[in-house]
Every structure is written in C-alpha cells, then in structure tokens.
There are 2 protein chains.
Amino acid sequence: MKWDAWGDPALAKELSADIKGLLAAALGVTGDAEPGPTADEVVLRPSRLTDADLKALADAVGEAHVSAADADRLPRAGGKSTPDLLRRRSREAQDAPDAVVLPGSEDEIAAVLALCAERRIAVVPFGGGTSVVGGLDPERGGLTAVISLDLRRLDQLLDLDETSGEALLGAGLTGPAAEALLADRGYELGHYPQSFRFATIGGFAATRSSGQDSAGHGRFDEMVRGLRVVTPVGVLDLGRAPASAAGPDLRELFLGSEGTLGVITAVRVRVHPLPAVKAYEAWSFPDFATGTAALRAVEQQGTGPTVIRLSDEAETMVNLAMTEQIGGSPAVSGCLAVTVFEGTDALVAARHQLTREVLLAAGGTSLGEAPARAWEHGRFSAPYLRDSLLGAGALCETLETAANWSRLPHLRVAVTEALTTALPGALVLCHISHVYPTGASLYFTVVAALGEDPLTRWTAAKHAAGDAIVAAGGTITHHHAVGADHRPWMTDEIGELGVRILRAVKAELDPAGILNPGKLIP
Amino acid sequence: MKWDAWGDPALAKELSADIKGLLAAALGVTGDAEPGPTADEVVLRPSRLTDADLKALADAVGEAHVSAADADRLPRAGGKSTPDLLRRRSREAQDAPDAVVLPGSEDEIAAVLALCAERRIAVVPFGGGTSVVGGLDPERGGLTAVISLDLRRLDQLLDLDETSGEALLGAGLTGPAAEALLADRGYELGHYPQSFRFATIGGFAATRSSGQDSAGHGRFDEMVRGLRVVTPVGVLDLGRAPASAAGPDLRELFLGSEGTLGVITAVRVRVHPLPAVKAYEAWSFPDFATGTAALRAVEQQGTGPTVIRLSDEAETMVNLAMTEQIGGSPAVSGCLAVTVFEGTDALVAARHQLTREVLLAAGGTSLGEAPARAWEHGRFSAPYLRDSLLGAGALCETLETAANWSRLPHLRVAVTEALTTALPGALVLCHISHVYPTGASLYFTVVAALGEDPLTRWTAAKHAAGDAIVAAGGTITHHHAVGADHRPWMTDEIGELGVRILRAVKAELDPAGILNPGKLIP
C-alpha cells in the first residue's frame, strides 16, 4: 500500500482523455496540482518513546517486530481519506505513531497492552490501513506516546468446519489472502468491499464493513459467528452457537468497536462453497425514483440477487459505475442498475427469473450482461482514480449513509444540497450501494476543483453533510465506520445514554484508556 | 391465562385413550395425581409494601392500576415451566410479587422506576407471563419488596410505515393482538413461537424469542429495527437505519436483557404483506442423521422454506408433531419433516421446487400435505397437553439448545444420556426446531412418571442436561432465554469477562439494582 495514495503502485490509473475532458468542462480543472513531497522529504515529528519503552516492547514481541524508524511510522500515520492524503502531502512536520509493533500471538498482544497501560502509551490497532474516517489517527489521548499495533502476522486459516460452513480466520488476513486460503478448500467468504484487496478480517469486524455482495451474502457483521478479543483485562471468546437466547449478544459490542474496547485477534465466519454459476444482468430505469422503487420491490419480495445496485442520473451519465468508461459518451440512458446472481445452477436460474419479473414490472429495461460485467471488472479501481484526480487538481471524496425507504428521497436531496452549498460547482453523484427489506444506503461521490485550502473546504462540506444526514433521519455511516471523523455525530446516533453505555464498557475493559483514544466514543 | 396451568381454560385438552395407553405402557403411569389447591386455597405470603409505598405507586400510575390483592398477585407469581406449575400447586405458603402495577405510558414507567429506586423496591417487568425459565420469579435481591410491572396497557400499533415495511408496536401487545392490528392493514409480522397466543412483543424482544416460521421470517431479534427502553437513568431510542456502521449495535444489549437493564416499551419491527399463497409438504427420512443432513443441505443452499423442522425417530413414533394423533398408531415411519412455504405465487413455487429437489436428493420421501397441515393445526396446543399429563401423574417438560451442525449429533446423545440417567425410564424425544446455515437447534421433550418429589428430581435432571449442553459446545438456551434457571451457566456461555461487561452496563443503567434481580446476570 502506498504511503501517500491508494493501493498498489503498479495499479495506479492514469486519467483518460475522457475524464480530463469532463474535469475541464464540468469543473474548469485543467492544470496540474503542485506535486507533494517524496517519502524522504516528509518530516515526521520524532518518536516520543523512550529507549526503555522500546526495550519493553521488544521484550514482548521480539526485537525484529518493533520499529521506531520513520520508514515504518509514515505508512501507519493515517488512513486513506482525501484529508489523510492531503495531510500526507504536507511539507510541514507530520504526526505519526511513535513506533510500529507487530505481535505474533494473543499472548504477545496481552503483554503489549499490559506494558502500554503501565507506561501510559496509547495503542492504535492497525489492519490494512484503509480507514477513510480517521480511525487510524495517531492520537495520544493525553498519554505519553502512541504505537501502531499492526496485526498482519495473525494471518492464518485457524480452522475450517466444512460440515457447518464455518472458518476461523486470523484478524490480520487481508481479503484476498483469506479468500485464497478458503478457495484452496473449495470455499468462499464472499465479502468484497471496495477496500477488499488491502483491508483485513479484523478490520472488517471492527468497522462493521459491508461488501458489494452483501445483498446475497450479508454484511460482514451478519457473517460473524464468533470473535476472539484481547482486552487489557483479559480475553473474550464470544459466540457459541448459530443463534442463542442466552442474554445480550456481546459480539455486537465488539463488531464496530474500532479498536476502542479490545483487539480482535480471530473471527469465526460463515463460508459457502465456491459458486458454481454466476449470472449478470444490467438494467436501465427512466429515473432514480423508479429505479429505487424497483430495488425496493426486489428486496421486499426477497427474490435473492447476490449484487444489486442503482446509480442515479448523474452517475449514470458519467459512466461512474463502469470505471474504464468514466467521462466517455453516456453508455446508458436514465439510471443504471446492476444485478449479479451466484450459487448453484438451479438457484441462480430461479432467483434471476424472479428478480427479472419484478424489475420488468417495475419499469426496468434489460441491458443484457455487458454493463454488469463492466461494473464488476472495475469494482475495486475507483480509489486509484481518486489519487489521479487529486494529482490533476480535482478533489474527489465519498461519503455514505442509510435510512428507511420512506426517508430515502428526502435524505438524498438534503445531503446533495448541503454538499453543493458548501462546495459551489461541485459534481455530486449518488448510488444505492446496499439494500435491505426496510431501507437502503446512499453512497455519494463528490468531485470539485481542488482550489485553495481544500482540507478546510472539504471539512466544512463534510460537516454540512453530516448535519444534513442526521437531520434527515439517516445513520451517520452505513459502512465507513466512525473513527475520529464521525465522532461528533455519535450522540445524535445513539443518544447521550447510549454514549454512557459505551463509556461504561470501555472503563471496564480499558481502565487506563489506552485503546485507540479519540475514536468512536465521544 | 390460567394461574396454575397453561393458557385459556376453554382450550384445556383431555388426554386421549391413545395417550393414556402410551403413559401406561411406557411409564407405568395409570393413576391420577393428587389434585392441587384451588386459587382460593392457595396461601400467599403477605405483601411487604407499606401503605406509603402503595400510595406512591398509585400517584405514579393511578389508583386503578395498582393492586396488592392476592387475586392479582397470584397470576404473576411466576411463569409456566413445570417447576412453576408444581410450585403453584403447593399448599404451603407461596411467594408472589408484593403488588401488581400497570403503567400506561413511558413517563409512568419512569416515575415507577424512580420511586422504586428510592424506596428500594425490585421491579419484575411482566408481559404475557409465559416464561419457562424462572424469568418472572418475584425475587427481591436484598431490597425491601418486589412489584410486577405488567405492561399490558402498552397495546397500540404506534406507527406503520408501509413503504419501508416497518411497524412500531407497543411492548404489551400480545402476538394475536399485534397480528390483528397489522392484518387490518394487510401486513403480517410472522412471529409464531409456541407461546404466541399469550406472549407479548416486549417479551419477544427481551428474551430473543424464536418462532416456528423463523426459517423464513427470521428470529425475533432479526426482525427488530428499533427499540425504546426506559431505564432508571433515562430513555434509550435505538436503531436509526436498516443497517449501520456507527459503532457497536446497542439494540443487541437490550434484546435478551430480560428486564435486567431497562423496560422495553416499544419495538420497531420489519413486517411483510400478508402471504398470498401457502404451500405444505411433509417428508419422511429413514433416520435422524439422514434427515439432519437434508435440512442442512436446504439451509446451506438457501432454498428458502418458511418453516422446516425434523422430528427424531421417537417423536415420530408417538406422533408428537401432530398433536391430535399423539400416542396413536404411528402415522409416519422413520423421521417426520415438515416444510411450509409462504409468499407470492411465483416465490412459493420456486422455493418449494428448489427445496423438494434438495430433500429428494438427500433421501427424503414425500408424504404430501396432510402431516404438515396436521402439524400446523396443533402447533400451539402442546402446552395444554402438558397440564393434562401433570394431572394424570406424568411429568412433562422441555428444554432446548443449539450448536453447529458438526456438534449436533454428539450434543443430542449427550443431553439424552444426561436426562435418562437422571430420570431412569423417562421418554426423551427430540426435534430440530430451527435451522441456520451453520447449525441448528435441538428441542427435547421429556416425559416421566411424576413420582415422589418431582421438583427435586426434575431440577437434578435439568442441571445434568445443562452441564451436558455446555460440555458438548451447545448454547444453554436457543430460545427460552436465561431467567433464573439458566443463570448458573452464563459464565460458561460468555466467560467471566463477558459477565463483567453485563454487570458494568447494569451498574450504569440501574445503579440501585432494582431491575429483575436474580435473573440473567450471575
């Protein structure tokens, strides 16, 4: 993962002539931005850890697995939001974790937490580094220093129960590494967020991740059957059965806990046989309202697509859902919807047929397979484009929410207005990324000229959007999590008493307050 | 609801000649048990509330809604487990709540909780009174008195969002009352536990209830989109969106909280249009292992029956799943499975067909509709039979668990052995009542001669079964909840640290410890 941009440097995407044309026409962006510093030019504030601290950490995990070198600190200095990237490109002194620690076992994690509590060192658990909500900010929370606890060494398939369809996966496994281990045995997890190639199993759990196939396979929280969590006061092993009435479900306290309550070390997940068959069909709807009603009918009738998503008119016009064709002449009129079906031959055929009938009755026009395959081909590429846009002088960022179907139209208008008021002239594109019987998520992409002081301008726009979301009855985040960036709205989300509950749980598990301070809990 | 038995006196079931024959042949039970006392003959210990306490309660909810009369206290003295019924039939002095309080609003509940905290009075929230795990025991937990907080006046359909398919239901609505209000508008909740006719919406949430249609409509906890909870320190309103990544899901702390953390006053649930079509098909499998594998294949492939259940050989032989034919000559050989499908015409046809193919391939023989309809006809009647059995000198009780598919065979053997060792000569029958992709529940019915001191003997058998469940990796309860009876196994279920979390949350929300003491939390 690049330190100052998304992903694998080999996969960086040049802007096409079509995209450059779009930037010039829509935003007046024609020039290039000032290039940022190289990694060697970045100035990090010096590590605050003492030699004795580093010695204690080395005793806990082995000398080879502790580093206070800038080259290790810089890639863990934050996540991958546009504000993160803008901060990384600064030539002023930057903050970063005071050391990087790579534990190899639960016992080592427990030892690190114990010594950090004693020495008043904050701990930021680190998976794939893909947070876009400030979840990895190296905040010290009033303590003396902060370390990045990188979990990549917890990278094993610990168990596969083929009869039950359950796998126990190490928290540090990336999406592709987990799928490769499962595929060797004929199984699939089926969790494909846009961060899939870099994000980890532990991160999926800690942030309540959703994937592009969540309509079929469920959100990650729905896949989780069990969790192991190391806290400063002991280890939890939660989830005994596929379902239980034995009191509150404590797994649901650690799903979404973002490293503030404990370190997730292993996750037991539902897996399924690799699909025998895949079917694709894209659809066009005359407008977003008609398309939204169609998706609602599919989901409320329960016809069972694995993937279903709907772009609004603006997204459709710029081909945003088909990464290779962005900015080209519009490939689809109206609003593009994509459906994909996976499973056995009979199941795919039945579900595809039931879904077609609902979509046709709801005013859809079939576009055949090609646009759906084009979407799938580019499904993990969008973040690379954002980096190239930034390089070309355009600010591009996303945000998302979810609400009941009845609130969705007003929510979309309110968020769009908040963004275009704060960033005059910005392009605001929207799609329904996830559907449920009772509602759906809205995913917004904002593109604007970078201009002067983009960090301040984006922060103001983001706050306006957050306030609009809360006022319109949406959740402050459907799948990006809370981190530092959404923390100001957590009291709106769960109420003051809800915040008190989180604080009480944290005080019990993390009395020294070392775990990811400044995130999630107001 | 009868004070000393299940349900509506008008629906009491006489034992058929077939059942009497079975009791005589299998258990040597031929005589009649000693009849218990009438309600007038029962002696309750006097109320411990002072006149000032009762005055304060009357000030909070109105004089008409407070009673310390024995006629009101006796029906809330406990739940409906066989131990409850045996205790009710005792002629020694019985314990009971010191008063019954019927609040009409959240404000009244808040006022009651405040005065109970001040006067050190314990509060047992009361819905339909159908607990079979001691969840309603009138424990004072070291306080001066205990009241039953009966929520029946919270009986309104507060909102119906037809677009989103969500209804906001008062916690005191019984199953039939809620379904009638929804059916008037063309909707159904679809939650049918055996307690359906008496249990309440709030009780379903507080105990993580499962229904007989949960394969299709989900467990009650999966239906819940939002919860309102009045605690001694404030009100919670949880659940903003169909799904969220905004931190831990606090709804999951109150689902299954059994009145120990707050009083659930309203529940927002997913509802669906009344089904247009229902299809029924029963199946026979040569043995339980073959039938279990067949149900597993259906669930892991996701073919979508609304109801699917499987009786073992013993249950099948005595026709237990077809209440009207129990004890008659065996109607089905091997193991009986029941499937039901609900929804639109096209959906039911597709799901039925996909399921048939899987069941046929897995060794099933179709029995047509009749046995499935017979099961449905008697689905809520079994508890009435238990009362008649008790009257005839036979102890009949049930218990249940769940585990992964791979653990299920050993779990069944271990629990059966524990029960037959503790109660020599007992009949132990079993069925799979609920299925999930990764596992299933096992529901055991135990019938034994009442004999000497049945309460002590059953308690010993129940403890042996609980220990066997925990040792075999099952959950201590899949859908009956914890109450007082399963509390000894909660540390096995969630670990010592899990118990500390529950205690920390309770200390925050209920600092005076008034809410349902002695239940759930060890």
Side-chain angles (χ1 to χ4, degrees), chain A residues 161 163-166 207-208 219 225 233-234 236-238 240-250 252-253 256-257 270 300-301 344 346-347 350 354 357 402-406 436-439 473-482 490 493-495 497-498 500-502 504-505 508 520, chain B residues 161 163-166 207-208 219 225 233-234 236-238 240-250 252-253 256-257 270 300-301 344 346-347 350 354 357 402-406 436-439 473-482 490 493-495 497-498 500-502 504-505 508 520:
Chain A
D161 175 347
T163 303
S164 306
E166 275 193 10
T207 60
R208 289 187 179 271
R219 294 163 58 84
R225 306 264 55 99
V233 297
L236 286 151
D237 188 356
L238 298 169
R240 282 180 77 78
S244 173
D249 189 342
L250 296 181
E252 300 281 352
L253 272 180
S257 62
R270 192 177 74 208
Q300 291 185 339
Q301 194 167 131
T344 62
L347 203 76
L354 287 166
E357 283 164 17
N404 281 8
W405 291 110
S406 58
Y436 305 90
T438 60
T475 178
I476 191 61
T477 172
H478 168 267
H479 61 271
H480 282 170
V482 178
M490 275 302 281
E493 188 79 28
I494 61 173
L497 193 48
R500 279 175 59 182
I501 293 171
L502 292 183
V505 173
E508 183 70 23
L520 178 64
Chain B
D161 175 347
T163 303
S164 306
E166 276 193 9
T207 60
R208 289 188 180 270
R219 296 164 56 84
R225 306 265 54 100
V233 297
L236 286 152
D237 188 355
L238 297 169
R240 280 180 80 77
S244 174
D249 189 343
L250 296 181
E252 300 281 351
L253 272 179
S257 62
R270 194 177 72 209
Q300 292 185 338
Q301 194 168 129
T344 61
L347 203 77
L354 288 166
E357 283 164 17
N404 281 7
W405 290 111
S406 58
Y436 305 91
T438 60
T475 178
I476 193 62
T477 173
H478 167 267
H479 60 271
H480 282 169
V482 178
M490 275 301 281
E493 188 80 27
I494 60 173
L497 193 48
R500 279 175 58 182
I501 293 171
L502 292 183
V505 174
E508 184 70 24
L520 180 62

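Each chain gets a letter, A, B and so on, in the order its sequence line appears, and its residues count up from 1. Values in this document were obtained by computation on a predicted structure and should not be read as measured data.
In this structure, B:Arg219 and A:Ala243 approach most closely via the heavy-atom pair NH1-CB, 3.5 Å. Considering every non-hydrogen atom in both A:Pro248 and B:Gly256, the closest pair reads CD-O, 3.5 Å. Across all their heavy atoms, A:Arg208 and B:Asp249 have their closest contact at NH2-N, 3.1 Å. Heavy atoms only, all atoms of each residue included: B:Gln300 and A:Thr163 are closest at NE2-O, 2.9 Å. In this structure, B:Glu357 and A:Ala346 approach most closely via the heavy-atom pair OE1-CB, 4.3 Å. For the pair B:Ser164 and A:Trp405, the tightest heavy-atom approach, listed with the atom from each and the gap, is OG-N, 3.3 Å.
The most heavy-atom pairs under 4.5 Å with chain A, out of B:Thr475, B:Ile501, B:Leu347, B:Leu497, come from B:Leu497. When the candidates A:Ile494, A:Val505, A:Leu253 are compared by the number of heavy-atom contacts under 4.5 Å with chain B, A:Leu253 comes out ahead. Note: B:Asn404 leads B:Val482, B:Asn404, B:Leu354 in heavy-atom pairs under 4.5 Å with chain A. Counting heavy-atom pairs under 4.5 Å between each of A:Gly439, A:Ala402, A:Ala246, A:Ala350 and chain B puts A:Ala246 at the top. Comparing A:Ala481, A:Gly495, A:Ser257 by heavy-atom pairs within less than 4.5 Å of chain B, the highest count is held by A:Ala481. Of the listed residues A:Leu238, A:Thr207, A:Leu502, A:Leu236, the one with more heavy-atom pairs under 4.5 angstrom with chain B than any other is A:Leu236. Between chain B and the options A:Ala504, A:Gly165, A:Gly234, A:Ser406, heavy-atom pairs under 4.5 Å are most frequent for A:Ser406.
With a 4.5 angstrom heavy-atom cutoff, A:Ile476 touches chain B only via side-chain atoms. For B:Leu250, the part sitting under 4.5 Å from any heavy atom of chain A is the side chain, from C-beta outward, and nothing else. In this structure, the portion of A:Arg225 lying under 4.5 Å from any heavy atom of chain B is its side chain and not its backbone.
The closest donor-acceptor contact from the side chain of B:Arg240 to the backbone of A:Ala403 lies at 3.5 Å or more, if one exists at all.
Distance check, rounded to the nearest 0.5 Å: OG1 of A:Thr438 to CZ of B:Arg270 gives 7.5 Å. Taking CD of B:Gln301 as the start and OG1 of A:Thr344 as the end, the distance is 4.0 Å to the nearest 0.5 Å.
Inter-residue side-chain proximity for B:Ser244 and A:Glu493 is flagged as met; some heavy-atom pair is nearer than 4.5 Å.
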